[in-house]
Amino acid sequence: MALITPMNEDGSVNYSKLEEIIEFQIANHTDAIIICGTTGEASTLSEEEHLECIRYTCEVAKKRIPVIAGTGSNCTEAAAYLSEEAEKGGADGLLLVTPYYNKATQNGLKVHFKKILENVKIPALLYNIPGRTGTKILPQTLMDMWKEIPNVVGVKDATGDISEVAEVMNLSDGKIDLYSGNDDQITPVLSLGGKGVISVLSNILPQETHDIVASYMDGDVVRSRELQLKYLNLIKALFCEVNPIPVKKAMNLMGMNVGSLRLPLTEMEEANAKNLAEQMKLAGITLK
């Protein structure tokens with residue numbers, strides 16, 4: 001799951017609250033945690049905060065579940081440094097987003113990720129989210145990196161393109177570790193051989209998100225589909241504004257007190273917040 005970063009009133013990272021939500025996730029059968037990803041507002045964390053969040057999460061998790069550190073950057077040197085430090089800090093794996101703003105060619109992506117990982121031994125997932133970065137990893141490029149870079153084990157696919165997911169699975173003979181990056185496509189991605197989801201929904205419904213995947217893996221496709229569809233309207237509400245604005249609002253509505261967002265992200269629009277609260281109630285979530 002993709003963990004939010006809780007904040008204090010002064011905007012600093014709330015580490016005691018971070019420990020609390022990590023324990024909440026573990027107690028509700030989340031299989032792994034992504035720290036300092038998009039949902040964790042990594043782009044507005046200082047380098048010191050970024051690495052401390054990773055180290056702290058590893059300390060709290062105590063190897064009960066894997067901790068995957070988001071260490072991608074549009075600066076290759078910065079991403080390499082963060083990745084090496086994350087490994088030293090106890091991370092079990094890395095999540096590496098494609099370079100944003102300055103972008104890269106397909107060949108540039110290969111050189112970028114190879115350079116980041118040349119001094120790192122832990123496994124890495126590449127993060128394909130062109131809607132955020134303006135750069136897409138094409139299926140053949142992904143295959144080349146999967147085959148040529150030893151610790152590239154898979155991809156978080158947030159393209160939203162099921163046909164592209166099918167192409168990736170076809171090119172890899174179903175062997176690549178592919179995770180859905182979209183909560184509304186968990187069951188469809190699993191049907192093509194995906195391994196699970198890196199979820200925003202799990203911040204508020206960890207057990208239920210786990211069950212969508214676990215049901216499918218246990219052969220109960222009908223149950224997986226039912227759960228996927230049951231929470232579809234809630235998922236839509238969680239993405240009606242840019243992530244993680246709605247999910248932080250949802251957690252605060254639940255009384256989890258995870259604080260506000262760092263600029264340039266701002267609080268949720270009133271009409272959207274009202275709809276989110278309604279969808280949460282319909283999903284059986286108690287608001288406080």
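All values below come from the heavy atoms of this structure, side chains included, with hydrogens, waters and symmetry mates left out. Sequence positions, counted from 1, serve as the residue numbers for this chain.
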Main-chain N/O of [Y] paired with [X] side-chain donor or acceptor, under 3.5 Å:
X	Y	value
N252	V258	yes
D161	S163	yes
T30	I26	no
D10	S12	yes
N28	F24	yes
Q228	D183	yes

Using a strict threshold of under 4.0 Å (side-chain N to carboxylate O), is an ion pair present between [Y] and [X]?
X	Y	result
E278	K281	no
D92	K63	yes
E77	K115	no
K236	D184	no
E84	K121	no
E49	R262	yes

To the closest 0.5 Å, what do you measure between [atom1] ([X]) and [atom2] ([Y])?
X	Y	atom1	atom2	value
M1	L201	CE	CG	9.5 Å
I137	E164	CD1	CD	10.0 Å
I204	L234	CD1	CG	4.5 Å
I22	Y15	CD1	OH	11.0 Å
I212	L229	CD1	CG	9.5 Å
N151	W146	CG	CH2	14.0 Å

Looking at every heavy atom in both [X] and [Y], which two are closest together, and how far apart are they?
X	Y	answer
T133	K103	O-CG, 4.3 Å
V67	C58	CG1-SG, 3.9 Å
N203	L3	OD1-CA, 3.8 Å
I162	P188	CD1-CB, 4.0 Å
K136	L109	O-CD1, 4.0 Å
S215	R223	OG-CG, 3.3 Å

Exercise. For the salt bridge (charged side-chain N to carboxylate O under 4.0 Å, His left out) test, which of E41, E241, E267 pairs with K248?
Worked result: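 That would be E41; it is the only one of E41, E241, E267 passing the salt bridge (charged side-chain N to carboxylate O under 4.0 Å, His left out) with K248.
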For this session: Pick out which of N128, L125, L190, D157 makes a side chain to side chain contact (heavy atoms under 4.5 Å, CB included) with L178.
Result: D157
Under 3.5 Å side-chain donor-acceptor pair for [X] and [Y]:
X	Y	answer
T71	S83	yes
T135	T98	no
D31	H210	yes
N14	S16	yes
Y56	E19	yes
S180	Q185	no
N107	T105	no

If we only count heavy atoms from C-beta on, is the [X] to [Y] side-chain gap below 4.5 Å?
X	Y	result
F113	V152	no
P206	H29	no
P244	V247	yes
R225	K230	no
I235	N182	no
L282	N233	no
N243	R132	yes
L142	I176	yes

Problem set entry | E20 vs K17, salt bridge (Lys or Arg N to Asp or Glu O under 4.0 Å): CA-CA, chis, key distance, verdict | CA-CA 5 Å; E20 184 180 313; K17 182 61 66 172; 3.2 Å; yes
Identify whether [X] and [Y] are in the same connected component of the hydrophobic contact network (ILVMFWY, side-chain heavy atoms under 4.5 Å).
X	Y	result
I33	L96	no
V97	L45	no
L171	V153	no
L261	L238	yes
Y127	Y81	no

Problem set entry | Stepwise side chain to side chain contact (heavy atoms under 4.5 Å, CB included) check, S224 with V213 | CA-CA 7 Å; S224 177; V213 178; over 6 Å; no
Problem set entry | Within 45° cone of Y179 ring axis and under 6.0 Å: K156 NZ or CZ |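 Judged by the rule, K156 and Y179 form no cation-pi pair.
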Exercise. Between L94 and V120, does a side chain to side chain contact (heavy atoms under 4.5 Å, CB included) hold up when you go through it step by step?
Worked result: CA-CA 10 Å; L94 304 173; V120 176; 3.8 Å; yes
For this session: Please check if atom NZ in K110 has more than 12 non-hydrogen atoms from other residues, nucleotides or ligands closer than 6.0 Å.
Result: yes
For this session: For V168 and V165, run side chain to side chain contact (heavy atoms under 4.5 Å, CB included): C-alpha distance rounded to whole Å, both residues' side-chain angles, the deciding distance at 0.1 Å, then the answer.
Result: CA-CA 5 Å; V168 168; V165 170; 5.8 Å; no
For this session: Starting from the C-alpha separation in whole Å, work towards a yes-or-no answer on side chain to side chain contact (heavy atoms under 4.5 Å, CB included) for I54 and C36.
Result: CA-CA 7 Å; I54 293 168; C36 296; 4.1 Å; yes
